[in-house]
Amino acid sequence: MQAFDYTKRLTAEGLGTALLLAIVIGSGIMGERLAGGNTAVALLGNTLATGAGLVVLIGVFGPISGAHFNPVVTLVFALHREITMAAALGYIAVQFAGAILGVWAAHAMFGETILQVSAKLRDGPALAFSEGVATFGLIATILGTVKFKPEFTPVAVGLYITSAYWFTASTSFANPAVARSLSNTFAGIAPHSVPLFIVAQLIGALTAAGLFGWLLSSTSKISEA
């Protein structure tokens, strides 16, 4: 894997996150417009576009920045000392900036008002637990494939998010939802609901980081029961 300077890594991380959010919000708008009121069809369109987009974006930007596209993923890699904390803070900053620009780009493409605030409440303990499970699974997928089959990571993440859109009640945001709160469209979330999602995501990510840090650590010899 080639080494890229920090400026290129930040640019890749910000651009990739912007494109990801444009995909999430844009496909949500398109799905809702074409579904004729059928939420399941709208969600299916949103799901397929997001999963496919992730595979491509991670494949393109992964060799440059690692393609975190998510502050909790960056936090986990910082805890595992794969990236310094100073570098991680830069990643998180460009992720948030890129995510907001991606939301605005999606609005512009579909003729929506650029500046919006979501009114879509997503509250309650079930959704919080769901979001924690979704993020746990995302981190588990990343750590497991990076350890054993890194070339499969883009596909694995895309497939996991595709499935998690449907098996989790929260539709697997698995990403701090601040940018989505700026879109009152299909994939938006009200600002009031954001803190609960972020807490759940952090708990899920840290739990996965701790468990898989132990589970994936190698030992000098294999003991048999």
Side-chain angles (χ1 to χ4, degrees), residues 1-25 50 53-106 131-132 134-147 150-151 153-158 160-161 164 172-183 187 189 194-195 197-210 212-213 216:
M1 180 175 174
Q2 298 181 45
F4 292 88
D5 65 50
Y6 189 51
T7 300
K8 290 181 179 178
R9 288 159 56 200
L10 288 180
T11 302
E13 195 65 19
L15 180 56
T17 307
L19 289 170
L20 175 58
L21 266 293
I23 290 169
V24 171
I25 298 298
T50 302
L54 272 169
V55 173
V56 174
L57 293 176
I58 296 172
V60 171
F61 295 108
I64 304 172
S65 70
H68 300 179
F69 307 152
N70 185 332
V72 296
V73 173
T74 298
L75 175 62
V76 168
F77 277 100
L79 292 174
H80 282 214
R81 298 182 180 178
E82 299 290 335
I83 182 174
T84 67
M85 192 56 69
L89 291 175
Y91 267 47
I92 291 170
V94 298
Q95 286 160 0
F96 277 109
I100 292 169
L101 290 175
V103 169
W104 290 348
E131 194 58 21
T135 309
F136 177 93
L138 173 63
I139 298 303
T141 300
I142 293 170
L143 295 180
T145 56
V146 166
K147 174 77 171 181
E151 69 278 6
T153 301
V155 176
V157 171
Y160 173 76
I161 292 298
S172 183
F173 277 41
N175 197 329
V178 174
R180 289 214 211 179
S181 70
L182 300 178
S183 184
I189 178 174
V194 169
F197 267 60
I198 291 178
V199 170
Q201 290 156 359
L202 286 171
I203 292 173
L206 293 174
T207 302
F212 278 82
L216 299 175

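Quick caveat: nothing in here was measured; it's all calculated off a predicted structure.
For K147, the side chain to side chain contact (heavy atoms under 4.5 Å, CB included) partners two or more places apart in sequence, or in a different chain, are L216. With sequence neighbours excluded, the residues satisfying side-chain hydrogen bond (donor to acceptor under 3.5 Å, both in side chains) with T50 are Y165. Under the side chain to side chain contact (heavy atoms under 4.5 Å, CB included) criterion, A140 pairs with F212, not counting sequence neighbours. Contacts of V56 classified as side chain to side chain contact (heavy atoms under 4.5 Å, CB included), with partners at least two apart in sequence or in another chain: V60.
Looking at heavy atoms from C-beta onward, W104 lies in side-chain contact with L101 at the 4.5 angstrom threshold. With a 4.5 Å cut-off on side-chain heavy atoms, L202 and L75 count as touching. Proximity of R180 to V24: side-chain heavy atoms (C-beta onward) are separated by under 4.5 Å at one or more points. When side chains are defined from C-beta on, T135 does not count as touching N70, because their heavy atoms never get closer than 4.5 Å.
Heavy atoms only, all atoms of each residue included: G53 and I23 are closest at CA-CD1, 3.8 Å. Taking all atoms of both residues into account, the shortest heavy-atom contact from R9 to F4 is CD-O, 3.1 Å. Looking at every heavy atom in both residues, F173 comes nearest to A187 through CZ-O, 3.9 Å. When all heavy atoms of A179 and V103 are compared, the closest pair comes out as O-CG2, 3.6 Å. The nearest pair of heavy atoms linking A67 to I58 is CB-CA, 3.9 Å. In plain terms, the two heavy atoms of V55 and G158 that are nearest each other are CG2-CA, 3.9 Å.
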List the atom pairs, donor and acceptor, that lie under 3.5 Å between side-chain atoms in residues 11-22 and the rest of the protein, sequence neighbours left out.
residue: T11; atom: OG1; partner: T7; partner atom: O; Å: 2.8
residue: E13; atom: OE1; partner: S65; partner atom: OG; Å: 2.7
residue: E13; atom: OE1; partner: H68; partner atom: N; Å: 3.3
residue: E13; atom: OE2; partner: H68; partner atom: N; Å: 3.0
residue: E13; atom: OE2; partner: F69; partner atom: N; Å: 2.4
residue: E13; atom: OE2; partner: Q95; partner atom: NE2; Å: 3.0
residue: T17; atom: OG1; partner: E13; partner atom: O; Å: 2.7

Please tabulate, one pair per line, all N/O donor-acceptor pairs under 3.5 Å involving side-chain atoms of residues 76-87, not counting sequence neighbours.
residue: H80; atom: NE2; partner: A209; partner atom: O; Å: 3.3
residue: T84; atom: OG1; partner: A87; partner atom: N; Å: 3.1

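Note that CG of L54 is 8.5 Å distant from CG of L138, once rounded to the nearest 0.5 Å. Separating the OG atom in S181 from the CD1 atom in I100 is a distance of 8.0 Å, to the nearest 0.5 Å. In this structure, T141 OG1 and F136 CZ are separated by 9.5 Å, a value rounded to the nearest 0.5 Å.
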